[in-house]
Amino acid sequence: MGRLKGSDLKHIWKSFTMSEGEDDFYTIYSHYHHYLSFIGYKRYFSEDIVKDAINDVFLYLWENRSSLRNVNSYHNYIVTCFLRKLYRKNIIGPEEVQGLIDVPVMLLSPSVEDQYIQQGMNGTVIQIVKEHINQLAAKQRNMVYQKFYLGLSYQEIAITNKVSINTVYNTIYKAIDKLKSTITKEQETYLLIAIGTMILFFLFFQIQ
Amino acid sequence: MQEKNLNELLKNETFINYCLKRNEQDVSEWENRIKENPETKIHLEELKVLVLAMGLHAGQKAADQNYLKLRMLITKGYVLKKRYLLSFFGWISSAAAVIILPIVLVFCNLTKESLHGRVTAVRFLDVSSAKHKEFHQVAGHSQNSLIYSAKYRPEDYVSLNQLKAIM
């Protein structure tokens with residue numbers, strides 16, 4: 001899913017608080033999942049804590065969706081709720097939203113831009129990677145996500161996952177090597193099929 | 001690309017920063033390197049595409065998996081709420097039964113006692129009449145002489161609800 005612009009998200013938030021639909025909820029969730037993960041991992045919280053905190057915040061939003069209409073600065077509200085969850089404080093109610101301090105934008109934005117990523121990829125590789133990313137172990141996939149999507153440093157990933165930096169290097173190297181060899185094999189197969197077809201055509205016209 | 005080079009590139013934070021466009025300095029530095037060594041361009045572009053694709057799909061997978069967990073939490077919340085409501089109504093109905101039952105029993109006893117004291121004979125609403133063993137005395141009404149002629153049958157006792165007391 002592409003990253004949403006501020007105005008689009010504002011519209012979706014309004015629609016969610018008015019109609020309380022799940023589609024809007026999912027859009028907001030997908031958008032904020034990466035932001036909040038980035039913030040959590042940057043503060044060296046483990047994967048489980050970050051994921052649980054995200055889900056706690058969104059569970060609260062879902063259960064209290066009818067009372068969210070007066071929340072205009074939803075962005076600050078979501079981020080502040082998440083930070084409070086991370087530090088095991090109570091989630092603030094929608095009526096307390098006026099007192100929130102603005103969260104610095106630099107803390108909210110992961111470095112990577114989806115649009116740029118999608119522009120920079122060719123179709124075949126996307127498809128192959130999409131098919132094979134599920135074959136990676138969960139831990140391996142999470143490190144790939146932290147490194148190649150959120151852009152965390154190796155040291156941050158090592159602390160977050162409670163492993164050494166060398167383990168992070170090796171895990172990511174193995175993951176990329178596995179995918180690279182799979183892509184090479186598949187591309188070789190396509191090439192062989194293409195050559196085979198060309199030879200068949202050539203033979204067919206020779207006989208005629 | 002040689003394995004050693006690939007390994008070195010992946011360990012190099014500036015290369016990842018270049019792929020993710022993380023900071024301008026790393027981007028321009030790597031672009032200059034590619035300009036100076038154009039033969040490396042294909043391999044580097046290939047690796048860059050792979051890095052971006054892996055990040056994107058791993059990110060989508062992570063978000064979707066966590067959303068599934070959230071959906072389960074929401075469903076579980078509904079089930080728990082439903083269970084809580086059911087048990088709440090269970091308690092309410094039990095409490096109501098505890099209060100209402102004694103009242104009903106007391107009322108029934110009072111009614112029975114008053115019947116014992118005041119009713120002397122019964123007559124069925126249909127034409128057949130029966131003498132009830134609990135109300136065995138003579139009614140003393142001349143127009144109710146049929147009461148004495150009918151024999152008491154057990155099935156008549158079942159239809160006591162249809163009785164009309166003769167006061």
Side-chain angles (χ1 to χ4, degrees), chain A residues 1 22 25-26 29-31 33-34 37 47 50-52 54-56 58-59 62-63 110-114 116-118 120-122 125-134 136 138 140-151 153-155 165 169-170 172-173 175-177 179-180 183, chain B residues 1-27 30-31 42-81 84:
Chain A
M1 198 192 116
E22 199 185 330
F25 180 67
Y26 175 72
Y29 181 89
S30 307
H31 179 78
H33 183 272
H34 303 307
S37 298
E47 184 194 346
V50 171
K51 284 183 174 178
D52 286 349
I54 293 171
N55 281 357
D56 283 347
F58 277 88
L59 183 64
W62 179 257
E63 286 180 343
S111 59
V112 74
E113 289 294 333
D114 292 355
Y116 159 68
I117 292 172
Q118 275 157 354
M121 293 194 294
N122 83 49
V125 174
I126 296 174
Q127 203 50 42
I128 295 169
V129 172
K130 195 176 181 180
E131 282 164 15
H132 291 86
I133 202 83
N134 293 337
L136 300 178
Q140 211 171 14
R141 203 165 50 225
N142 191 48
M143 284 186 193
V144 166
Y145 167 57
Q146 289 173 332
K147 186 68 205 162
F148 298 151
Y149 191 92
L150 299 178
S153 70
Y154 281 110
Q155 197 181 2
I165 290 184
Y169 285 145
N170 291 336
I172 289 176
Y173 173 73
I176 207 161
D177 194 42
L179 277 174
K180 209 171 175 297
I183 289 166
Chain B
M1 189 183 288
Q2 285 181 347
E3 274 190 25
K4 197 186 164 191
N5 287 344
L6 172 70
N7 204 359
E8 287 304 313
L9 273 177
L10 288 176
K11 278 183 183 179
N12 192 336
E13 298 268 11
T14 63
F15 176 70
I16 308 291
N17 289 345
Y18 156 71
C19 294
L20 302 179
K21 284 196 171 173
R22 190 156 174 78
N23 69 51
E24 283 176 18
Q25 198 188 334
D26 291 334
V27 173
W30 274 94
E31 277 172 354
I42 295 171
H43 295 302
L44 291 179
E45 283 296 318
E46 191 184 280
L47 191 58
K48 182 180 156 186
V49 165
L50 199 57
V51 161
L52 294 175
M54 283 176 78
L56 182 69
H57 292 305
Q60 278 176 350
K61 186 83 188 163
D64 287 346
Q65 274 187 335
N66 217 24
Y67 187 72
L68 273 180
K69 275 188 194 172
L70 177 64
R71 285 293 318 152
M72 281 167 68
L73 281 175
I74 289 170
T75 315
K76 205 175 159 187
Y78 279 128
V79 171
L80 281 175
K81 226 179 242 176
Y84 171 77

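Both backbone and side-chain heavy atoms feed into the values below; hydrogens, waters and symmetry mates do not. Numbered from 1 within each chain, the chains take letters A, B, ... in sequence-line order. Predicted model only: the values in this text are computed from it and were never measured.
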Ignoring hydrogens and geometry beyond distance, is a side-chain donor-acceptor pair present between A/Tyr26 and B/Asp64 at under 3.5 Å? yes
Looking only at A/Asn134, A/Leu136, A/Asn142, most heavy-atom pairs under 4.5 Å shared with chain B are made by A/Asn134
Note to self: How about CD on B/Glu31, more than 12 heavy atoms from neighbouring residues, nucleotides or ligands closer than 6.0 Å, or not?
What the structure shows: yes
If one checks every heavy atom of A/Tyr154 against chain B at 4.5 Å, the contacting part turns out to be both
Sequence neighbours excluded, the answer for salt bridge (Lys or Arg N to Asp or Glu O under 4.0 Å) partners of A/Glu131 is none
Whatever's closer than 4.5 Å to a heavy atom in chain A on B/Ile16 counts as side chain
Closer than 3.5 angstrom, by distance alone: can the side chain of B/Asn66 be matched with the main-chain N or O of A/Asn55 as a donor-acceptor pair? no
Honestly, the part of B/Lys69 sitting under 4.5 Å from a heavy atom of chain A is both
Whatever's closer than 4.5 Å to a heavy atom in chain B on A/Glu22 counts as both
Scored by heavy-atom pairs under 4.5 Å with chain B, the best of A/Gln146, A/Lys147, A/Glu63 is A/Lys147
* Asked: So do the side chains of A/Phe58 and B/Tyr67 get within less than 4.5 Å of each other, counting heavy atoms only?
  -> no
Cut-off 4.5 Å, heavy atoms of chain B, and the answer for A/Ile133 is side chain
- [ ] Measure the shortest side-chain to side-chain distance between A/Ser37 and A/Tyr145 over non-hydrogen atoms and say whether it is less than 4.5 angstrom.
- [x] yes
Honestly, the part of A/Ala138 sitting under 4.5 Å from a heavy atom of chain B is neither
